[in-house]
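What follows is a single structure, written as structure tokens, with notes after it.
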Amino acid sequence: MKILKILAVSAMALGMTSCVSKKQYDALSTNYKQCIENIGERQREIQDLKSQNSALAGENNLLKSQHDALKSSLDACLSNTGKSSANIDKLVGEINASNSYIKQLISSNAKNDSLNLALSNKLKRSLDNVSDEDVQVKVLKGVVMISLSDKMLYKTGDYNILPAAQEVLGKVAKVINDYDKYSVLIEGNTDNAPLNSANLPRDNWDLSALRGTAVAKVLQTQFGVDPSRITAGGRSEYNPKATNMSVSGRAEKRRTEIIIMPKLDEFMKLMDIAPVKK
């Protein structure tokens with residue numbers, strides 16, 4: 001409005017040139033031109049402001065769209081919270097069940113190892129007066145293994161038990177009878193020296209099997225070991241513990257092993273333990 005008034009006044013002044021001095025006319029003319037220039041600048045400023053306003057409106061629409069998308073995502077997350085919580089609870093329950101199962105296995109294995117260790121120690125104490133070369137007792141993979149040399153048990157190439165072996169087998173039988181929940185596996189082993197005969201034993205398979213069953217019969221008939229607990233057989237030369245290239249290596253291969261271990265059904269019970277769910 002101020003600009004318009006100035007223009008109006010200037011126009012009136014120009015129309016009244018005859019009524020004013022030349023100095024006043026020049027001043028009014030200059031003022032008029034300046035007002036025209038100011039109007040042009042203001043119009044340019046208005047256009048700039050309109051452009052800025054349009055850009056801000058676009059940014060506002062973009063922010064509104066992003067806000068709506070975030071709100072939709074949040075709503076979806078909130079609606080799935082119950083399902084996620086149920087899945088997490090299920091997972092925690094499975095983890096707890098697995099941990100409980102592992103603890104049971106550890107406890108069972110520790111108990112089994114303790115029994116094997118006690119059995120091994122008892123056997124070693126019973127056989128203290130026997131040469132280490134003739135008898136070896138150790139725990140291997142959860143079972144107790146007694147390895148008896150062939151020279152203590154039999155004559156060369158024979159499977160009949162020597163009288164001198166009775167004492168050792170009697171001590172072994174006493175421990176076996178004390179642990180009546182355990183199974184007994186007896187294996188005969190030979191070296192690779194060929195054995196060819198028309199009569200028994202005809203070869204190393206026969207010799208190893210006959211030696212295994214000979215020990216089983218002595219344990220049963222002379223020392224009262226329940227035969228239902230015994231499995232006896234031979235492995236010939238095919239379960240080597242040493243090389244055949246030396247005398248000592250071949251001697252180590254000629255052995256009979258008595259393996260004392262939990263019965264198969266006890267192992268199966270252990271494998272069937274189910275996790276206890278909390």
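Here, residue 1 is the first one in the sequence, and each next residue gets the next number.
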Beyond-backbone contact of [X] with [Y], side-chain heavy atoms, under 4.5 angstrom:
| X | Y | value |
| --- | --- | --- |
| Asn160 | Tyr154 | no |
| Asp180 | Arg229 | yes |
| Val175 | Lys171 | no |
| Asp150 | Thr256 | no |
| Asn189 | Ser208 | no |
| Leu148 | Leu169 | yes |

Shared ILVMFWY cluster between Val168 and Val218, side chains joined below 4.5 angstrom?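 Yes; tracing contacts between hydrophobic side chains, which count when under 4.5 Å, links both residues.
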Which atoms form the tightest heavy-atom contact between [X] and [Y], and what is the distance?
| X | Y | result |
| --- | --- | --- |
| Thr156 | Arg211 | C-NH2, 4.4 Å |
| Leu153 | Ala165 | CD2-CB, 3.5 Å |
| Asn239 | Arg255 | O-NH2, 3.0 Å |
| Glu237 | Asp191 | CB-O, 3.3 Å |
| Pro201 | Gly157 | CG-O, 3.9 Å |

Rounded to the nearest 0.5 Å, what's the gap from [atom1] on [X] to [atom2] on [Y]? Could you check?
| X | Y | atom1 | atom2 | result |
| --- | --- | --- | --- | --- |
| Thr231 | Glu187 | OG1 | CD | 10.0 Å |
| Tyr159 | Leu200 | OH | CG | 6.0 Å |
| Leu219 | Asp226 | CG | CG | 12.0 Å |
| Ile46 | Asn53 | CD1 | CG | 13.0 Å |
| Arg202 | Leu207 | CZ | CG | 12.0 Å |
| Asn177 | Tyr182 | CG | OH | 14.5 Å |

Within a reach of under 6.0 Å around CD of Gln34, are more than 12 heavy atoms found that belong to other residues, nucleotides or ligands?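 For Gln34, atom CD is not crowded (no more than 12 foreign heavy atoms under 6.0 Å).
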Candidates Leu185, Val144, Val172, Ile230 - the one meeting side-chain contact (heavy atoms from CB on, under 4.5 Å) with Ile258: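 With Ile258 as partner, Leu185, Val144, Val172, Ile230 yield a single side-chain contact (heavy atoms from CB on, under 4.5 Å), made by Val172.
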Give the C-alpha distance, both sets of side-chain angles, the deciding distance and a yes or no for side chain to side chain contact (heavy atoms under 4.5 Å, CB included) between Ile146 and Val135. CA-CA 7 Å; Ile146 309 166; Val135 179; 4.1 Å; yes
Donor-acceptor pair between Ser149 and Asp134 side chains, under 3.5 angstrom: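 Note: Ser149 and Asp134 side chains meet the donor-acceptor criterion.
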Under the side-chain contact (heavy atoms from CB on, under 4.5 Å) test, residues paired with Asp26 that sit two or more places apart: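 Applying side-chain contact (heavy atoms from CB on, under 4.5 Å) to Asp26 gives Lys22.
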